2 protein chains.
Amino acid sequence: MTTTPSETRESEHPVLSRRERTRAATIEEIKETALRLMHEQGTTDLRFSDIAREMGMTAPALYRYFADRDELLTALIADAYDDLAVAVEEARSQVPVEDPTGRWHAVSQAYRAWASREPQQFALIFGMPVPGYVAPDAGPTTEACRRAIGALKALFFEAMAQGVLGRPLIREVGESFATALQEDHDAKHADEPVIEPETFQSMLQCWASLHGFTSLEAYGHLQFLPEEARDTLFEANVRLTAITAGLPLPADPSKQE
Amino acid sequence: MTTTPSETRESEHPVLSRRERTRAATIEEIKETALRLMHEQGTTDLRFSDIAREMGMTAPALYRYFADRDELLTALIADAYDDLAVAVEEARSQVPVEDPTGRWHAVSQAYRAWASREPQQFALIFGMPVPGYVAPDAGPTTEACRRAIGALKALFFEAMAQGVLGRPLIREVGESFATALQEDHDAKHADEPVIEPETFQSMLQCWASLHGFTSLEAYGHLQFLPEEARDTLFEANVRLTAITAGLPLPADPSKQE
DNA sequence: TCGTGTTTGTTATGACGCATAACTTCATCG
DNA sequence: CGATGAAGTTATGCGTCATAACAAACACGA
């Protein structure tokens, strides 16, 4: 990792020349315009000509900022990962740490709401590779995948640390699963507490269930249900996963919904 | 496999002139070539020029068979729905009806295996609309969605008919959910037995969980786990959903995996 | 203040894919 | 056998990606 040669993300502004600032602003405007167009057209497709026209420029000018379409797409994907991670993390922090189940609700709702609000960005992250786009390498995908479930992990850590995390419904864990978890822990989170394999497994199942509902809904495959029915289905899903994962029942029932 | 030569749908017309037969064969070859190219390139993208060259033709010739790219794409999507429905239905029928949980296992594995084997077709069905493609109308999507869960429905019907279907973990059902179910029943399956709202809800959650795992894996977002770990995670997921849905525990434990 | 080199934009151009039009070939059927 | 029409071709127009060549604006030191 740490490659990203063209990446000049959120570096501090120690010495930000005027030119660098306007350039960064233009890059930002390009990405925003691209997102807006994707949103309007309802696809993950993007045309340099459209973006340029929308900005009052000509298409070749964009090549001063992005080497090709793939590079712009890569930047958009990275931003989407950021967006989702921020949304989820912020939702988590809004609920007191003493209520892990409440945090799970908040995280789930944020995940679903973000996907419904920005289905194109959701598709950029979790969908099939966009035609013509090849991931720089295996890095960003798996990395961002880890970030996406980072809030989930933290949530289970907290519950475990408080001793309120029950045992999940499914406790048998494949041995390769345990070793994979061990490697993951050694590689990236050596300072964090160890997580039980069975907890990790049930966490992934929470994620899978949440993601399944979310992607089905985001892509319109649940439209045979009215929105209200989808809401109750989602709510039930969240409660169900909380139970199966051993998350404690919320002490105050009025805080539901 | 998955070729299903000549006729999959309209076996109604036995009298086919020679011309009509060769035409149908060409259409079939076009679709197969398109699928093969998508599979080779790993995207849902397709170029008429590539298909034609692969078939020893020129691109404009394809317009004798498909009005435009969208029409070919639509045909491929319809075929993909067929393929998935057939695969799932056949897996279901391989397990005796007295074992609903076994059938759930079979259906789940077929769903997952099909998605892993044909991620492009999976993406065609369940992914974001392909750039440039607009669904003819809301019809095929929701219709095919119903077909995809047809086997699931049947499975729960059978369990219910045998009286072996327990109550799901989550029993509260939103009222709009119940009405939506009622409409669905009235509209399309008036001859089938009535399904309990809570059963329908837990069935949808089974599907969401299965779909979540499947799509995450098919798009490579679980590659941080070795294949063996994914297998055990999947197996656990299927067992978990069976329990939460009230499906009976299999009588013979040796049949597990 | 001016001059030089960089940055940022433009127009011009080439390659490619979708799609249509016009033409050619050939099988089918009266 | 000959008319008909289906199936294939080449030729063409349009739009997009991408590069090249050129022009204007800007930064900055002498």
Side-chain angles (χ1 to χ4, degrees), chain A residues 6 8 13-34 36-38 40-41 43-77 129-134 136, chain B residues 13 15-34 36-38 40-77 129-134 136:
Chain A
S6 68
T8 60
H13 29 88
V15 137
L16 213 26
S17 96
R18 167 178 179 78
R19 270 202 167 141
E20 290 168 319
R21 255 183 297 129
T22 63
R23 180 179 180 81
T26 304
I27 289 181
E28 216 44 46
E29 187 186 352
I30 292 174
K31 293 194 291 189
E32 284 168 12
T33 307
R36 188 166 52 78
L37 287 177
M38 287 191 348
E40 287 173 13
Q41 301 171 201
T43 71
T44 54
D45 196 10
L46 50 82
R47 274 172 289 277
F48 267 30
S49 10
D50 290 355
I51 300 173
R53 179 168 1 94
E54 206 72 14
M55 294 175 63
M57 297 171 55
T58 57
L62 299 183
Y63 288 86
R64 297 286 179 194
Y65 301 92
F66 296 95
D68 53 7
R69 221 165 79 265
D70 279 15
E71 197 169 300
L72 173 55
L73 219 39
T74 301
L76 291 177
I77 291 174
V130 173
Y133 171 77
V134 288
Chain B
H13 297 240
V15 49
L16 278 184
S17 90
R18 168 172 178 79
R19 270 205 171 138
E20 289 167 317
R21 258 183 297 126
T22 62
R23 180 178 179 82
T26 305
I27 289 181
E28 219 38 51
E29 187 186 352
I30 291 174
K31 292 194 290 191
E32 284 169 14
T33 307
R36 187 166 52 77
L37 287 177
M38 285 190 352
E40 286 173 13
Q41 300 171 199
T43 70
T44 53
D45 196 10
L46 49 83
R47 275 171 288 276
F48 267 31
S49 8
D50 291 354
I51 300 173
R53 177 168 3 92
E54 206 73 12
M55 294 175 62
M57 298 169 55
T58 58
L62 299 183
Y63 288 87
R64 299 282 178 194
Y65 302 93
F66 295 95
D68 54 7
R69 220 166 80 264
D70 279 15
E71 198 169 298
L72 173 55
L73 218 40
T74 302
L76 291 177
I77 291 174
V130 173
Y133 171 78
V134 289

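The structure presented is a predicted model; accordingly, all values stated were derived computationally and were not measured. By convention in this document, chain letters (A, B, ...) are assigned in the order of the sequence lines, proteins followed by strands, and residues within each chain are numbered from 1.
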Task: Nucleotide-resolved protein contact map, nucleotides 12-20 of chain C, B/S/- at heavy-atom distance under 4.0 Å - done: B----SSBB
- [ ] Just call it for A:Y65: base, sugar-phosphate, or nothing, with non-hydrogen atoms closer than 4.0 Å on any strand.
- [x]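 Since only primed, P, OP1 and OP2 atoms lie under 4.0 Å of A:Y65, the category is sugar-phosphate.
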Could you tell me which residues satisfy salt bridge (charged side-chain N to carboxylate O under 4.0 Å, His left out) with [X], sequence neighbours excluded, listed by chain and number?
{"X": "A:E28", "answer": "A:K31"}
{"X": "B:D50", "answer": "B:R47, B:R53"}
{"X": "A:E54", "answer": "A:R36"}

Which atoms form the tightest heavy-atom contact between [X] and [Y], and what is the distance?
{"X": "A:Y65", "Y": "A:E71", "value": "O-OE2, 4.2 Å"}
{"X": "A:E29", "Y": "A:M55", "value": "CD-CE, 3.5 Å"}
{"X": "B:M38", "Y": "B:L46", "value": "SD-CD2, 4.4 Å"}

TODO: Take atom CE of A:M57 and atom P of C:dT7, then tell me their distance rounded to the nearest Å.
DONE: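 Nearest whole value for this atom pair: 16 Å.
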Open item on the list: My understanding is that only one of B:L62, B:I77, B:I30 makes a side chain to side chain contact (heavy atoms under 4.5 Å, CB included) with B:L72; could you say which?
Closed with: B:I30
Task: Outermost nucleotides of DNA chain D that come under 4.0 Å of a non-hydrogen atom of chain B - done: D:dG5 to D:dA11
Task: Those residues that, when tested against A:R21, pass side chain to side chain contact (heavy atoms under 4.5 Å, CB included) (two or more places apart) - done: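 Checked A:R21 against side chain to side chain contact (heavy atoms under 4.5 Å, CB included); matches are A:L16, A:R18.
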Task: Partners passing side chain to side chain contact (heavy atoms under 4.5 Å, CB included) against A:A61 (at least two apart in sequence or in another chain) - done: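 For A:A61, the residues satisfying side chain to side chain contact (heavy atoms under 4.5 Å, CB included) (neighbours in sequence not counted) are A:M57, A:T58.
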Collect all protein-nucleotide pairs involving nucleotides 23-30 of chain C in which both atoms are nitrogen or oxygen and the distance is under 3.5 Å.
unit_1	atom_1	unit_2	atom_2	d
C:dA27	N3	B:R19	NH2	3.3
C:dT28	OP1	B:R18	NE	2.6

TODO: Please identify each residue that fulfils ring-ring contact (aromatic ring centres under 6.0 Å, His included) with A:Y63, with sequence neighbours left out.
DONE: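 Listed in chain order: A:F48.
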